[in-house]
Amino acid sequence: MATTRCSRGGLAAYFPLFGLRWVLILLNEFLPERWQRRVLAGDTASWGDAKLRQLNRARDFLAALPQKVDA
């Protein structure tokens, strides 16, 4: 039982890092090569709009991260 508690505590210590990784994934939209793939796939939206949308999503996710970690 002590091993299980220790394992859970160890895993919980990584949750903020997992959250930050997702924020970085959301911000991949800022990479020109990522946008080029979207254009080749037929995306007709503006790159500026896409970056703004992803930036807002990243901010929201980052702001909610403390509640997610404590849950």
Side-chain angles (χ1 to χ4, degrees):
M1 187 76 163
T3 305
T4 304
R5 276 191 223 150
C6 187
S7 297
R8 286 183 186 164
L11 181 60
Y14 287 103
F15 285 164
L17 296 175
F18 294 145
L20 287 174
R21 182 169 182 181
W22 275 106
V23 167
L24 292 173
I25 290 169
L26 288 169
L27 295 176
N28 274 341
E29 205 68 49
F30 283 79
L31 298 172
E33 56 271 9
R34 177 69 125 184
W35 180 250
Q36 188 61 34
R37 284 187 199 165
R38 289 195 184 277
V39 170
L40 291 173
D43 196 339
T44 59
S46 122
W47 189 26
D49 289 344
K51 291 190 290 186
L52 183 61
R53 183 181 60 246
Q54 289 303 97
L55 183 59
N56 288 330
R57 286 179 181 167
R59 280 186 188 144
D60 292 344
F61 189 91
L62 193 57
L65 193 55
Q67 293 88 15
K68 292 178 184 185
V69 170
D70 291 338

Could you report the tightest heavy-atom contact between Val23 and Phe61, atom names first, then the distance?
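Closest approach of Val23 to Phe61: CG2-CD2, 3.7 Å.
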
Shortest non-hydrogen contact from Leu27 toward Ala58:
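What the structure gives for the nearest pair is CD2-CB, 3.8 Å.
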
Can you sort out the partners of Leu52 under side chain to side chain contact (heavy atoms under 4.5 Å, CB included), two or more places apart, ordered by chain and number?
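Scan of Leu52 (side chain to side chain contact (heavy atoms under 4.5 Å, CB included), adjacent residues dropped) gives Asn56.
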
Can you sort out the partners of Val39 under side chain to side chain contact (heavy atoms under 4.5 Å, CB included), two or more places apart, ordered by chain and number?
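By the side chain to side chain contact (heavy atoms under 4.5 Å, CB included) rule, Val39 matches Trp35.
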
Quick test of your reading: applying salt bridge (charged side-chain N to carboxylate O under 4.0 Å, His left out), list the pairs with at least one residue in residues 37-51, sequence neighbours left out, ordered by first then second residue.
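Sorted result for residues 37-51: Glu29-Arg38.
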
Is there a chain of hydrophobic side chains (I, L, V, M, F, W, Y, each step under 4.5 Å between heavy atoms) that links Leu55 to Trp47?
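No, no single cluster joins them.
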
Enter the distance from [X]:[atom1] to [Y]:[atom2] here, rounded to the nearest 0.5 Å.
X	Y	atom1	atom2	result
Leu65	Asp60	CG	CG	12.5 Å
Leu40	Gln36	CG	CD	4.5 Å
Arg34	Asn28	CZ	CG	5.0 Å

